[in-house]
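All ligand and atom numbering here is 1-based and tracks the order in the structure. Throughout, numbering of the chain's residues begins at 1 and tracks the sequence.
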Amino acid sequence: MREDAAGKSTAKQTDAERYDALIIGAGFTGLYQLYSLRDRLGLNAQVLEAADGVGGTWYWNRYPGARCDSESHSYCYYFSKELVTEWEWSERYPGQEEIRHYLNHVADRFDLRKDIRLGDRVISARFDDAETLWHVTTEAGRQYEAQFLITGVGCLSSANVPDIPGLDDFKGDWYHTGSWPHEGVDFTGKRVGQIGTGSTGIQSAPVIAEAAKHLTVFQRTANYSIPARNGPLSEDFKRYTKEHSDEIHETMLAGPNGHPFRIEDRPVASVTPDEQREIYEAAWEKGGLRFRSVFKDLLTSKPANDTAAAFIKTKIRAVVKDPETAALLSTIDHPFATKRPPVDSHYFETFNRDNVSLVDIKTNPITRITPTGIETTAGHHDLDIIVFATGFDAISGPLLAMDIRGKNGVTLKEQWAEGPKTYLGLQVAGFPNLFTVTGPGSPSVLTNMPVAIEQHVDWITDCIDTLLKNGKSRIETTPEAAEEWVGETTAAANATLLPQANSSWYLGANVPGKPRVFMPYAGGMAHYRKRCNDVAADGYKGFVLS
Ligand code: NA7
């Protein structure tokens, strides 16, 4: 079958370039998926990437302070031992620029660039049932065809700029953190307004405050944050991570969220309140997402969660000197870690600066943007620059931004009118041979992303290999399997406190009009991997191969 696969650029009746597989996006997913299909299976695969460089999320997110909250020795590929050994991270958490260097290094090291077309944004994909072919069109009007279509479009790549009246009239400059100018923004002497206090806003505020004349942070929902305790990695630690890379990887694979640390097997109630405080204190000093791992029930028991929440709120009040500001920052309406928990470098300390103020837009919402600033129900704020740290139309957004049509011309938008429905986050019923890496219904954003990505890419690669070796040409999930999986995804979320965060982007609640469905699979990465493997071993149960 593989010999039958069409060669590169063998145009038929149309001018379309023909491939075995097309991959959308040249981030972590696209690079590894290309390597896997091309170098492992020998397929003729092509990556189409909208940006002018590789890097995906890390190509676009260049805002001040942009840094990953996974630790650098785990935020990378593990498929190649040589790559793990030769690459050296400089800091505990990798900054945006360093991650981009890393992904460029990967592209060069595995000679991937020749099969990546940059600056070619996919706008539509249509499945031809008779030919079992995906027809893909890009913004530039180029046409492509392929038997398999794999999306590696990322979960956080469709910028959410809120529809606030008056933005067009603003005389200053405005930016969304997710599509930041490559040349940077000079804040010197400027009055800056930042809307949003999620992971991004919490990273950018301290850096903007250092440069700007004045920074006004507009906060709708107060947020927890744990100090990152970022810093240069010691030579000893670098050596340790290389010498123990197999063990580290095993730990990442064994846990629920792909991080290189284990979750302690003790509930909060198993220790006294004094011991709890000591444990939280030590975790606070250590910093980072590890804070979540000190007890096993922080995300499943509200009373347990309350102890962590109370500890962090006390810390915020201890750091922030102005009592009113401290109260605003520590009045948090959701349990700890039910929204993606940020890690920060001096976020709360930033509010002790003379040139920083906090505006409560929950009590006094923004009414409009004026030519000279932002107006709330409590007054006007004069601004030269507005920074929207307002997040993304997450997970399903980047897929729905393309016009994807499956069998009988049904659009993905129609198929997902009530919210995304997939089987295992990998496939949509009625869309044969379309694979959605880290799609809705998979663990994705609840994990350390490269771990989730490698698992999906490996599964898809094995699946395509099996298909072709068995003389089949298509794989498609059934509506029943997808329906059941949506049920399982919902049940997995409901077994945790995660749905209690009302305005979370996990739920799509941050985008007006988006159906409220808990999108990522919360049953844990290790459990999910086993499910996917069992499905494959069981003859791809829930899929039809033909
Ligand atoms: P998030 O986590 O979605 O945060 C967006 C922030 O912007 C959050 O504080 C929102 O408040 C606020 N927001 C969004 N829309 C508005 C409007 N219309 N008015 C006022 N405030 C608004 O996005 P991030 O970019 O910070 O982080 C995304 C992920 O990237 C992060 O979790 C990491 O995984 C990396 P709200 O809470 O909705 O009240």
When you look for heavy atoms under 4.0 Å from ligand 1, do you find them on the side chain of A389, its backbone, both, or neither?
backbone
Between I361 and ligand 1, which part of the residue brings a heavy atom under 4.0 Å of the ligand: side chain, backbone, both or neither?
side chain
When you measure from the heavy atoms of T197 to every atom of ligand 1, does any distance fall below 4.0 Å?
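True for this residue.
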Answer with yes or no whether Q219 contacts ligand 1, where contact means a heavy atom under 4.0 Å from a ligand atom.
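No, that is not the case, since the closest heavy atom of the residue is not under 4.0 Å from the ligand.
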Would you say the ring centroid of W505 lies under 6.0 angstrom from that of F392?
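Ring centroids of W505 and F392 are no less than 6.0 Å from each other.
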Any donor-acceptor pair under 3.5 Å from T490 side chain to V486 backbone
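Indeed, once roles are kept as given, a pair shorter than 3.5 Å links the two residues.
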Does any N or O in the side chain of T390 come within less than 3.5 Å of the main-chain N or O of N160, such that one atom is a donor and the other an acceptor?
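Answer holds: yes.
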Residue I195 vicinity, atoms of ligand 1 by number, heavy atom under 4.0 Å
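In order of numbering, the contacting atoms are 20 (C), 21 (N).
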Show me which atoms of ligand 1 lie under 4.0 Å from any heavy atom of T200.
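So the atoms of ligand 1 that pass are 24 (P), 25 (O), 26 (O), 27 (O).
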To which protein heavy atom is atom 30 (O) of ligand 1 closest, and what is the distance rounded to 0.1 Å?
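Here the closest protein heavy atom is L156 CD1, 3.5 Å.
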Among protein heavy atoms, which lies nearest atom 32 (O) of ligand 1, and at what distance?
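That would be R340 CG, 2.9 Å.
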Are R516 and E418 close enough for a salt bridge, meaning some N to O gap below 4.0 Å?
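Salt bridge: no.
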Which donor-acceptor pairs under 3.5 Å do side chains of residues 249-256 form with protein atoms, sequence neighbours excluded?
residue : atom : partner : partner atom : Å
T251    : OG1  : E247    : O            : 3.0

Is the Y528 ring parallel, tilted or perpendicular to the H456 ring (thresholds 30°, 60°)?
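Aromatic pair Y528/H456 classed tilted.
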Between W505 and ligand 1, does any nitrogen or oxygen pair lie at a separation below 3.5 Å?
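So ligand 1 has an N or O lying under 3.5 Å from an N or O of W505.
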